[in-house]
Amino acid sequence: MQERDKWDQIYRNSDITAVPATVLKQNACLLPTQGRALDLACGLGGNALFLARHGLETEGWDISAVALTKLEGKSQSAGLRIQTKQVKITPETFLHQAFDVIVVSRFLDRSLAPAIMGALKPGGLLFYQTFVVDKLTRFGPSNPDYLLQRNELLTLFDALTLVYYQELSRIGDLNVGNRDEALFIGQKT
Ligand SMILES: C[S@@+](CC[C@H](N)C(=O)[O-])C[C@H]1O[C@@H](n2cnc3c(N)ncnc32)[C@H](O)[C@@H]1O
């Protein structure tokens, strides 16, 4: 099955709700009050809706037309403007693009890291949150290719200035905290 069909089927048959990533919601004070924002591999666009509500000119890119149609319905009924793009994201997708904010949650394609950083304006912020290889729950991909190694976001985006990082790993009381994902914010300086 093609990648697009796979994701379309997931979104057609699911009752998932659109929620913003913790790294974005808990650090919203860092967002500029105006400018261009991108929710990359947005799915139902929990991040895009949050960014548009914050007043940013927002785009959501994803391979799934079904997810984007649901996002368009939600943004229209909320009176928000979000520009959607159905695309299989490659480094070329970022050509001639410049964003003040890029958010990536629960999506990992390492080959896109240079293009993501290249598409940030000077001073622009990258919010990234996705699953780690030593996650504790069944949530997230089982294929280790789509899971972060320890501290990997710090390496992938080491050309950015670090603003925030959290990876609790398996230290201490495992019943407390998000043990499944790494959270990163970096700024292009
Ligand atoms: C686990 S979902 C995460 C969606 C959203 N970012 C979130 O946090 O809820 C992964 C998303 O990546 C999209 N996706 C997967 N491969 C893609 C590709 N090559 N190009 C564009 N989108 C892709 C899927 O359609 C899906 O919406």
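When a ligand or atom number is given, it counts from 1 through the structure's own listing order. The basis for the numbers below is simple: all heavy atoms, side chains too, and nothing from hydrogens, waters or symmetry mates. Each residue takes its place number in the sequence, starting with 1.
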**Student:** Under 4.0 Å, counting heavy atoms only: does C42 come that close to any atom of ligand 1?
**Tutor:** yes

**Student:** Measure the distance from atom 16 (N) of ligand 1 to every protein heavy atom, then report the residue, atom name and distance (to 0.1 Å) of the closest one.
**Tutor:** E3 OE2, 3.0 Å

**Student:** Assess, by modelled atom type and distance only, whether the side chains of S64 and D62 contain a donor and an acceptor separated by less than 3.5 Å.
**Tutor:** no

**Student:** Quick test: of every protein heavy atom, which one is nearest to atom 8 (O) of ligand 1, and how far off is it to 0.1 Å?
**Tutor:** S105 OG, 2.6 Å

**Student:** Among protein heavy atoms, which lies nearest atom 24 (C) of ligand 1, and at what distance?
**Tutor:** W7 CD2, 3.3 Å

**Student:** Hey, is atom 27 (O) of ligand 1 touched by any protein heavy atom at less than 4.0 Å?
**Tutor:** yes

**Student:** If I apply the N/O under 3.5 Å rule, does L40 come out as touching ligand 1?
**Tutor:** no

**Student:** Between R36 and D100, is there a side-chain N and carboxylate O pair less than 4.0 Å apart?
**Tutor:** no

**Student:** Identify every side-chain donor-acceptor pair in residues 155-165 under 3.5 Å, counting partners at least two apart or on other chains, and give the distances.
**Tutor:**
unit_1	atom_1	unit_2	atom_2	d
T161	OG1	T189	OG1	3.1
Y164	OH	Q166	OE1	3.4
Y165	OH	E167	OE1	2.3

**Student:** Any heavy atom of V87 closer to ligand 1 than 4.0 angstrom?
**Tutor:** yes

**Student:** Please confirm whether F107 comes within less than 3.5 Å of ligand 1 when only nitrogen or oxygen atoms on both sides are compared.
**Tutor:** no

**Student:** Looking at residues at least two apart in the chain, or sitting in another chain, which of them share a side chain to side chain donor-acceptor pair (under 3.5 Å) with D173?
**Tutor:** N175

**Student:** If you compare all heavy atoms of P144 against all heavy atoms of R110, which two are closest, and at what distance to 0.1 Å?
**Tutor:** O-NH2, 4.5 Å

**Student:** Could you tell me whether E59 and K85 have a side-chain N and a carboxylate O separated by less than 4.0 Å?
**Tutor:** no

**Student:** Does the distance from a Lys or Arg side-chain N to an Asp or Glu carboxylate O, for R81 and E57, drop under 4.0 Å?
**Tutor:** no

**Student:** Closest approach of Q97 and T93, non-hydrogen atoms and distance?
**Tutor:** CG-O, 3.8 Å

**Student:** Based purely on interatomic distance, does D39 place a nitrogen or oxygen under 3.5 Å from a nitrogen or oxygen of ligand 1?
**Tutor:** no

**Student:** For atom 4 (C) of ligand 1, find the nearest protein heavy atom and state the residue, atom name and distance (0.1 Å precision).
**Tutor:** A41 O, 3.5 Å

**Student:** In this structure, does ligand 1 have an atom that sits under 4.0 Å from one of the heavy atoms of Y11?
**Tutor:** yes

